[in-house]
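One structure below.
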Amino acid sequence: MSGGVFDPQGPIALQERDLIIIAVSLMLLIAIPMLILLYTFAWKYRAGNKKAAYDPQHVGNALKQLTWWAIPAAIIAVIAVINWQSTHALDPYKPIVSGRPPLTIEVVALEWKWLFIYPAQGIATVNFIQFPEQTPIHFVLTADAPMSSFWIPQLGSQIYAMAAMETQLDLMASATGTYVGKDTEINGAGYSGMTFLARSTSQNDFNAWVASVKDSSNTLTVDEYKNTLLPPSENDPPAFYSSVDPYLFTAILTKYNAPSPTGTPMAFPGMQM
Amino acid sequence: MEHFFLGDLTWSDLPHQWFTIGGTGAIIVGGIIVAAVITYFKRWTWLWKEWLTSTDPKKIGIMYIVMASLMLFRGGLDAIMIWIQQAISAGNAPGYLGAAHGYLDASHFQQIFTAHGDIMVFFVTMGFFFGIMNLIVPLQIGARDLAFPFLNSLGFWLYVAGAVFINMFFVVGGEFAASGWLSLPPLSEIQFSPGTGVDYWVWSLQISGLGSLLGGINFIVTILKMRVKGMKLMMMPLFTWTSLCSMVLVVASFPVLTITTLLLWFDRFFGMHFFTSGFGGNPMLYVNLIWMWGHPEVYILVIPAFGIFSEIVATFSGKKIFGYVSMVCSAIAITLLSFLVWLHHFFTMGAGADVDAFFGIMTGIIAIPTAAQIFNWIATMFRGRIRFTTPMMYFMGFVSLFTFGGMAGVLLSIPGADFELHNSLFLVAHFHTMIVSAALFGIFAGITYWFPKVFGFTLNEKIGRRAFWLWIVGFFMSFVPLYILGFLGATRRLDHYAASTGWQPFFIIAATGVCIIAAAVITQAWQVIVSIRDRRQNTDTTGDPWDGHTLEWATASPVPFYNFAKTPVVDGRDAFWEMKKRGERPGILPPDGYDDITLSKNTGMAIYLSGFVFLAAFGLVWHIIWLALLGIFGAIACVIIRSFDEDTEYVLPAAEVERLEKLAWKK
């Protein structure tokens, strides 16, 4: 089961895997006896077995009703408590507590590739992210495309990326490693190929990687974004930008706002998307 | 001028890809063969007078089931195409038929799974249930017809028009919606789906949705107002109860679907911005609205099946259902709760922990009445005399699969787990387990159970059981791999995936499983053919081949068109079971003789009306304004003409009833 939900590589995915196991175990407590009863009665009271009792008057019993409304209710009550607590504990917007300061990565779902902007580092990438291990990663997401959903199964929760809206997701990798990320929501012809790699490394390797990206000759201006990233494309290889317009993410987020009275779309001051 | 007459139609919209030529060819060749057979046997008048224009719910029910069976083949073909693509599209191996991966290009693949979902939900499952309800509900409540016979005919013909319309893209246009069965915007907006596929999607749902709504109203009024004397609500057979619950859901939820898809079409046609990303539109509004309909919809599909299984377990265990009141309460509880859970379809859109947890807990609560139902069925078997006929086998299969499918559902209702499973193949496996085990197995069980009542002979048991086992084996092979793939991180709707994922063996097993399911469906068709051939050996002379409990078994088999020669009087549950205990036998001339019976006349108006609606929809898809107006005004004219027709009923004299009854019971 490598590479999936049962191969967690971070605290969120680990908690979610345990949650799945606990919930399934609780439900088996009722499902297994239920099926044993079903098959036992089916065998015992088969028409061919004349020795078995036949009691057509046995059509109601308050105590039995109480039992099988109460037992599922009790299990569901336990699951409800787990549900409430785990939902709050695993809220994707909840910052992960760690000794290290979080790294923010802005994510833009495009047709059909992922744009990642590192605002603090001033770099941007396509279909590839790298980050230090044991460091909370704070993703801020939007889209300039149909709805997409951002998911790295081994690190945990997914969240939708939607145009004109901002969502957030906090994940963390426990160790170094490379994980596959993907889109889970159909968003057009290139949907299946919209995967990316998420690499967790040591802090030093991350710093070295940022420095190497900064050496790249590509820069991501608004024009570059509009000309090369916005048009639909499929199965794009990773790309790296040594610098990025600091207002790009905000401009993408606000470009869908209602038109201004003058008829031109409102964008961030000085920018026309 | 050309645009006035033809709208957006051009020559290039005629079939030219292999699948549109194939689809169109199948429609034309199939049509020619059917027409030739009817002409050869000189059956056109018979077909028109006895069937197509009939307002008899039994005939409409049979036509529903025939149409739904055709659509099951159509939707099943889609399923096979989807699975073959996924079995062969790992890695970067060159594709076939000009596709980059596998043998279908991405857009074509997406159209197929979109069509598969919509056809299976709207035209297979709903069609079968409307068919079975038409056949059985009036009989169970001792009625001769539905409350509104013409509306029933109209509902059926709108369903047919919708079913034909969803296949029209083969003939004109060449593309269906590629945006998933619910066509979420902004993907389904004109910006990202500029073709006519989404318009075909909108209008086939509009047409069939209108039919479902009319059917829903009709059944609610029938069940509430036309029950036989003495039958209180808490004496109704459970299939009637669950039909009532399902129809309440239809009437409460289908208007939401109609309005939501209509607003989407306004966006597409008039350039409005209800659901666009920009200009004040909000796609999340659509997501909320469509699931406010969509979640009740899945209960519309499974609640009637619960009723069918209740009848079957009671009958074949030789006992009344255990905990009748508990069963009714749980059906009503499921009905009400189904409106309070829609947000669980999008926990992953960032609604916040409080909202997610609320909807998650509400969803979990639905498991309580559902589990109580299963315990009641098991208790019905306790100290029974269980006959393992095909319907009972389907019941066993249903509980076995449904329990695990339900567990998967409760798991998905926990947002923290859903964050890792949403849109994965685990989800696909979950809802197929629910719909196949409950709805589809319920339909197969119900059809086998009530077949002798409708046609006068039983279905071949041996072949029926063989089909059941093929279904079970095929189901496990198809869907267990999908549960595993979901845990491995495989998402739904993939037209290709990297070879390094290691998923291919699972997809190959799943594809093998779907071939076994196909063999099961072929076996079922074979079962019907053999049973018709051997009908003389399997004739049901008693009208009650299974020692049934409810009123439908008090009539001759096949049921006469007037249902009950003399309307029975009821004073408790399981009315016919009680009558038999008292030694009353049907088919005997009542002491006070028969009465005249008033019945509804045939009418072709529903066909004309649906034809106009079809034309209007076609005009709106292709922007042919005159055709759309013709269709709309034609349909309104049909309604007006029909409203002034006061000669809609005829009287069957008592003497004729007596003659027919003698004939029916002579066998």
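A, B, ... follow the sequence lines: proteins, then strands. Residue 1 opens every chain. These numbers come from a predicted model, not from an experiment.
The distance between the ring centers of B/F359 and B/F346 does not fall below 6.0 angstrom. For B/F487 and B/F426, the ring centers are positioned less than 6.0 Å apart. Taking the six-membered ring for Trp and the full ring otherwise, A/Y160 and B/H422 have centroids separated by under 6.0 Å.
Put simply, the side chain of A/M165 reaches to within 4.5 Å of the side chain of B/P283, judged on heavy atoms.
In this structure, no portion of A/K94 lies under 4.5 Å from any heavy atom of chain B. Heavy atoms closer than 4.5 Å to chain B are found in the side chain of A/Q65, but not in its backbone. Heavy-atom distances place the backbone of B/A178, and not its side chain, under 4.5 Å from chain A. For B/S400, the parts sitting under 4.5 Å from any heavy atom of chain A are the backbone and the side chain alike. Only the side chain of B/V287 comes within less than 4.5 Å of a heavy atom in chain A; its backbone stays farther off. Contacts of A/Y93 with chain B are made by side-chain atoms alone, with heavy-atom separations under 4.5 Å and no backbone atom involved. In this structure, chain B has a heavy atom under 4.5 Å from the side chain of A/L35, while its backbone stays farther away. Proximity to chain A involves both the backbone and the side chain of B/F375, based on heavy atoms less than 4.5 angstrom apart. Of the atoms belonging to B/S179, it is backbone heavy atoms, and not side-chain ones, that fall under 4.5 Å from chain A. Looking at B/M392, there are no atoms closer than 4.5 Å to chain A (heavy atoms on both sides), in backbone or side chain. Only the backbone of B/P185 comes within less than 4.5 Å of a heavy atom in chain A; its side chain stays farther off. Residue B/L184 touches chain A through its side chain alone, counting heavy-atom pairs closer than 4.5 Å. Looking at B/E420, the atoms closer than 4.5 Å to chain A (heavy atoms on both sides) sit in the backbone and in the side chain alike. In this structure, chain B has heavy atoms under 4.5 Å from both the backbone and the side chain of A/N61. Only the backbone of B/S317 comes within less than 4.5 Å of a heavy atom of chain A; no side-chain atom from C-beta onward does. Only the side chain of A/I76 comes within less than 4.5 Å of a heavy atom in chain B; its backbone stays farther off. Both the backbone and the side chain of A/D55 have a heavy atom closer than 4.5 Å to some heavy atom of chain B. At a 4.5 Å heavy-atom cutoff, the contact between B/N282 and chain A is made by side-chain atoms alone. Both the backbone and the side chain of A/A73 come within contact range of chain B, each with at least one heavy atom under 4.5 Å from a heavy atom of that chain. Both the backbone and the side chain of A/W84 come within less than 4.5 Å of a heavy atom in chain B. There is no contact between A/Q85 and chain B, counting heavy-atom distances below 4.5 Å. When heavy atoms are compared at a cutoff of 4.5 Å, B/F382 approaches chain A by way of both its backbone and its side chain. At a 4.5 Å heavy-atom cutoff, the contact between A/I159 and chain B is made by backbone and side-chain atoms alike. Heavy atoms of B/F404 lying under 4.5 Å from chain A belong exclusively to its side chain. Residue contact with chain B, scored on non-hydrogen atoms closer than 4.5 Å, involves the backbone and the side chain of A/L28 alike.
When the ring pair (Phe, Tyr, Trp, His ring centres under 6.0 Å) test is applied to B/F402, the partners found at least two apart in sequence or on another chain are B/F306, B/F398.
Residues B/G384 and A/Y54 come closest through the heavy atom pair C-CD1, 3.7 Å.
Between B/F275 and B/Y286, the ring planes lie perpendicular to each other; the angle is over 60°, past the 30° to 60° tilted range. Ring geometry for B/W546 against B/F316 counts as perpendicular: the plane angle is over 60°, on a 0 to 90° scale with 30° as the lower cut.
Judged purely by distance below 3.5 Å, without hydrogens or angles, the side chains of A/T87 and B/D356 never pair a donor atom with an acceptor atom.
Counting non-hydrogen atoms of neighbouring residues, nucleotides and ligands closer than 6.0 angstrom, the NZ atom of A/K44 reaches no more than 12 such neighbours.
Within residues 9-16 of chain A, the residues that have a heavy atom under 4.5 Å from a heavy atom of chain B are A/A13, A/E16, listed by number.
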